[in-house]
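Below is one structure, written out as structure tokens; comments come after it.
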Amino acid sequence: MISKIMISALLTLTNFLAFGQEFPKEKTKDHSQIKGTNIFIIPPTSFESSNRFKGFYNPYDPYSIIMVTEIPGPYQEVTKGFNSKTLNARGMKLKIKKNVRLGEFNGVLLELDQFANGIMLSKQILVYGNQKESTLINGTFRKDSLELGKKIKLSILSTVIDYELKNNPRLSLNYSINEKVGSLKFKAVMGNGMIFNRDLKIPTESSDRAALITAQSFSNIIIEDKKQFCISRLKQFPGSYSIVSDKKIKEIKIDSLSGFELFAQNNTKEMYLVILFEQNSGYYILSGTYLKESSKTISDIKRIIKTFKRKN
């Protein structure tokens with residue numbers, strides 16, 4: 001499952017070479033912190049810190065970003081899918097894979113191409129971690145932007161970790177959730193979203209298999225038919241969920257944001273999905289899953305979702 005999450009992160013985003021890539025040992029005056037992390041890089045001159053994800057973006061090119069995604073899973077498991085066969089099946093061409101060492105962490109540098117939304121993109125990716133958790137730093141740019149690609153690669157290679165810096169990853173998000181009203185526990189921040197369940201295991205092994213995942217869209221996309229968008233977005237979830245026929249898609253409003261709620265199911269689980277749309281563009285997703293006929297669980301998840309609140 002962790003490997004699938006990792007590949008999904010690359011989507012929203014060969015041969016082995018020798019060990020030995022050198023990273024800086026200390027920060028310089030040119031290094032900037034990636035908010036909500038203990039990671040410092042030297043971003044390209046034109047890049048700005050994002051308030052929609054952990055990282056930097058080019059305000060003049062929506063396809064140019066450097067984004068951090070933290071994965072609550074062991075490095076060896078997370079990187080299992082980094083091979084030509086698996087990536088090709090996901091529409092990505094792996095060009096280079098190089099083992100590296102970043103401070104106390106094992107890591108890998110990847111270069112790959114991906115055709116997405118009618119644009120050929122290139123990616124420079126650093127993944128590192130240990131037995132408990134992994135981190136991905138993904139630099140994306142148009143493949144024909146060769147000079148920008150060189151600058152993004154240099155930024156990735158400038159990575160420094162400040163081990164003494166203690167961060168609360170939830171503080172970097174622009175919204176909050178009170179999971180305690182439904183007896184769930186906070187597991188991790190991943191990208192610009194959060195994972196909650198009852199036993200802090202992935203996948204969860206609690207009796208009702210309750211889990212809640214939140215996320216915010218990375219880009220300011222304009223959505224004309226919001227109801228249809230919710231239906232289409234459901235199809236992107238793993239597990240082949242389909243809308244429960246006797247429960248209509250209903251309008252909902254939380255924290256002054258309008259959206260839709262719907263119920264879906266597959267052979268073993270049900271999902272309660274809420275998508276809230278920002279006034280100008282973009283959206284938030286709150287997705288709760290649980291074993292069928294767990295009436296108390298859906299009440300828990302609904303109570304938690306209703307605590308959604310944007311930060312000032």
Quiz item: Between K54 and E70, is there a side-chain N and carboxylate O pair less than 4.0 Å apart?
Solution: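 Salt bridge flag = yes for E70 with K54.
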
Self-check item: Salt bridge flag under 4.0 Å for residues K153 and E111
Solution: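 The answer is yes: the pair qualifies as a salt bridge.
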
Quiz item: Pick one: which of S50, S32, S64 meets side-chain contact (heavy atoms from CB on, under 4.5 Å) with F56?
Solution: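 Exactly one option meets the side-chain contact (heavy atoms from CB on, under 4.5 Å) with F56, and it is S32.
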
Quiz prompt | Residue among M92, M120, K93, K143 satisfying side-chain contact (heavy atoms from CB on, under 4.5 Å) with Q114 | solution =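 Going through the options one by one, the only one that passes is M92.
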
Check: [X] ring centroid to [Y] ring centroid under 6.0 Å:
{"X": "F229", "Y": "Y283", "value": "yes"}
{"X": "Y75", "Y": "Y128", "value": "no"}
{"X": "Y284", "Y": "Y175", "value": "yes"}

Around atom [atom1] of [X], are there more than 12 heavy atoms of other residues, nucleotides or ligands at under 6.0 Å?
{"X": "K166", "atom1": "NZ", "result": "no"}
{"X": "E251", "atom1": "CD", "result": "no"}
{"X": "K226", "atom1": "NZ", "result": "yes"}

Minimum heavy-atom distance between [X] and [Y], given as atom pair plus value:
{"X": "G259", "Y": "F277", "value": "CA-CD1, 3.9 Å"}
{"X": "I285", "Y": "R233", "value": "CD1-NE, 3.3 Å"}
{"X": "P24", "Y": "S158", "value": "CG-O, 3.7 Å"}
{"X": "S207", "Y": "L291", "value": "O-CD1, 3.2 Å"}
{"X": "F260", "Y": "C230", "value": "CB-SG, 3.8 Å"}
{"X": "T297", "Y": "A210", "value": "CG2-CB, 3.5 Å"}

ILVMFWY cluster, [X] and [Y] together (side-chain gap under 4.5 Å):
{"X": "L173", "Y": "V274", "value": "yes"}
{"X": "F263", "Y": "I304", "value": "yes"}
{"X": "F23", "Y": "I39", "value": "yes"}

Determine whether [X] and [Y] make a side-chain contact, defined as any pair of heavy atoms from C-beta on separated by less than 4.5 Å.
{"X": "L126", "Y": "V100", "value": "yes"}
{"X": "I254", "Y": "I252", "value": "yes"}
{"X": "N83", "Y": "L94", "value": "no"}
{"X": "I34", "Y": "I41", "value": "yes"}
{"X": "T140", "Y": "Y63", "value": "no"}
{"X": "L234", "Y": "I243", "value": "yes"}
{"X": "D113", "Y": "L121", "value": "no"}
{"X": "F40", "Y": "T159", "value": "no"}

[Y] versus [X], side-chain donor and acceptor atoms under 3.5 Å:
{"X": "Y57", "Y": "E48", "result": "yes"}
{"X": "Y272", "Y": "E261", "result": "yes"}
{"X": "T86", "Y": "N88", "result": "no"}

[atom1] of [X] to [atom2] of [Y]: how many Å apart, nearest 0.5 Å?
{"X": "K227", "Y": "S232", "atom1": "NZ", "atom2": "OG", "answer": "12.5 Å"}
{"X": "S258", "Y": "K253", "atom1": "OG", "atom2": "NZ", "answer": "4.0 Å"}
{"X": "I66", "Y": "I137", "atom1": "CD1", "atom2": "CD1", "answer": "9.0 Å"}
{"X": "D61", "Y": "L148", "atom1": "CG", "atom2": "CG", "answer": "7.0 Å"}
{"X": "L112", "Y": "I96", "atom1": "CG", "atom2": "CD1", "answer": "10.5 Å"}
{"X": "Q265", "Y": "S245", "atom1": "CD", "atom2": "OG", "answer": "7.5 Å"}

Is the backbone N or O of [Y] less than 3.5 Å from a side-chain atom of [X], with the two atoms forming a donor-acceptor pair by type?
{"X": "S134", "Y": "N130", "value": "no"}
{"X": "R101", "Y": "G103", "value": "yes"}
{"X": "S155", "Y": "K151", "value": "yes"}
{"X": "K269", "Y": "K292", "value": "no"}
{"X": "K97", "Y": "L109", "value": "no"}

Quiz item: Can L102 and I161 be said to form a side-chain contact (heavy atoms from CB on, under 4.5 Å), step by step?
Solution: CA-CA 8 Å; L102 177 63; I161 301 173; 3.6 Å; yes

Quiz item: Can you list the steps and then say if F47 with I152 is a side-chain contact (heavy atoms from CB on, under 4.5 Å)?
Solution: CA-CA 10 Å; F47 279 46; I152 287 178; 4.0 Å; yes

Practice problem: Quick one: list whatever passes side-chain hydrogen bond (donor to acceptor under 3.5 Å, both in side chains) with R310, sequence neighbours left out. | Solution: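 Testing R310 for side-chain hydrogen bond (donor to acceptor under 3.5 Å, both in side chains), a comparison that skips the adjacent residues, returns D255.
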
Practice problem: List for me each residue that meets side-chain hydrogen bond (donor to acceptor under 3.5 Å, both in side chains) alongside Y290, sequence neighbours excluded, and say none if there are none. | Solution: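 If we apply the side-chain hydrogen bond (donor to acceptor under 3.5 Å, both in side chains) test to Y290, skipping adjacent residues, the hits are E270.
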
Self-check item: Chi angles and distances behind the side-chain contact (heavy atoms from CB on, under 4.5 Å) call for L212, T289
Solution: CA-CA 6 Å; L212 174 64; T289 55; over 6 Å; no

Quiz prompt | Derivation and outcome, side-chain contact (heavy atoms from CB on, under 4.5 Å), residues L154 and I42 | solution = CA-CA 8 Å; L154 288 174; I42 303 175; over 6 Å; no

Practice problem: Could you label the plane-to-plane angle of the F105 and Y163 rings as parallel, tilted or perpendicular, counting under 30° as parallel and over 60° as perpendicular? | Solution: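 It falls in the parallel class, under 30°.
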
Could you go through residues 177-204 and list every donor-acceptor pair under 3.5 Å that involves a side-chain atom there, pairing it with any protein atom two or more places apart or in another chain?
from: N178; atom 1: OD1; to: K180; atom 2: N; distance (Å): 3.2
from: E179; atom 1: OE1; to: R170; atom 2: NH2; distance (Å): 3.0
from: E179; atom 1: OE2; to: R170; atom 2: NH1; distance (Å): 3.2
from: K187; atom 1: NZ; to: L200; atom 2: O; distance (Å): 3.2
from: N192; atom 1: ND2; to: R52; atom 2: O; distance (Å): 2.9
from: N192; atom 1: ND2; to: Q216; atom 2: O; distance (Å): 2.4
from: N197; atom 1: OD1; to: D199; atom 2: N; distance (Å): 3.4
from: N197; atom 1: OD1; to: L200; atom 2: N; distance (Å): 2.6
from: N197; atom 1: ND2; to: K201; atom 2: O; distance (Å): 2.8
from: R198; atom 1: NE; to: D208; atom 2: OD1; distance (Å): 3.4
from: R198; atom 1: NE; to: D208; atom 2: OD2; distance (Å): 3.0
from: R198; atom 1: NH1; to: G182; atom 2: O; distance (Å): 3.3
from: R198; atom 1: NH1; to: S183; atom 2: O; distance (Å): 3.0
from: R198; atom 1: NH2; to: D208; atom 2: OD2; distance (Å): 3.0
from: R198; atom 1: NH2; to: D300; atom 2: OD2; distance (Å): 2.9
from: D199; atom 1: OD1; to: K201; atom 2: N; distance (Å): 3.1
from: D199; atom 1: OD1; to: T204; atom 2: OG1; distance (Å): 3.0
from: D199; atom 1: OD2; to: T204; atom 2: OG1; distance (Å): 3.4
from: D199; atom 1: OD2; to: E205; atom 2: N; distance (Å): 2.7
from: D199; atom 1: OD2; to: S206; atom 2: N; distance (Å): 3.0
from: K201; atom 1: NZ; to: E205; atom 2: OE1; distance (Å): 3.2
from: T204; atom 1: OG1; to: S206; atom 2: N; distance (Å): 3.3
from: T204; atom 1: OG1; to: S206; atom 2: OG; distance (Å): 3.3

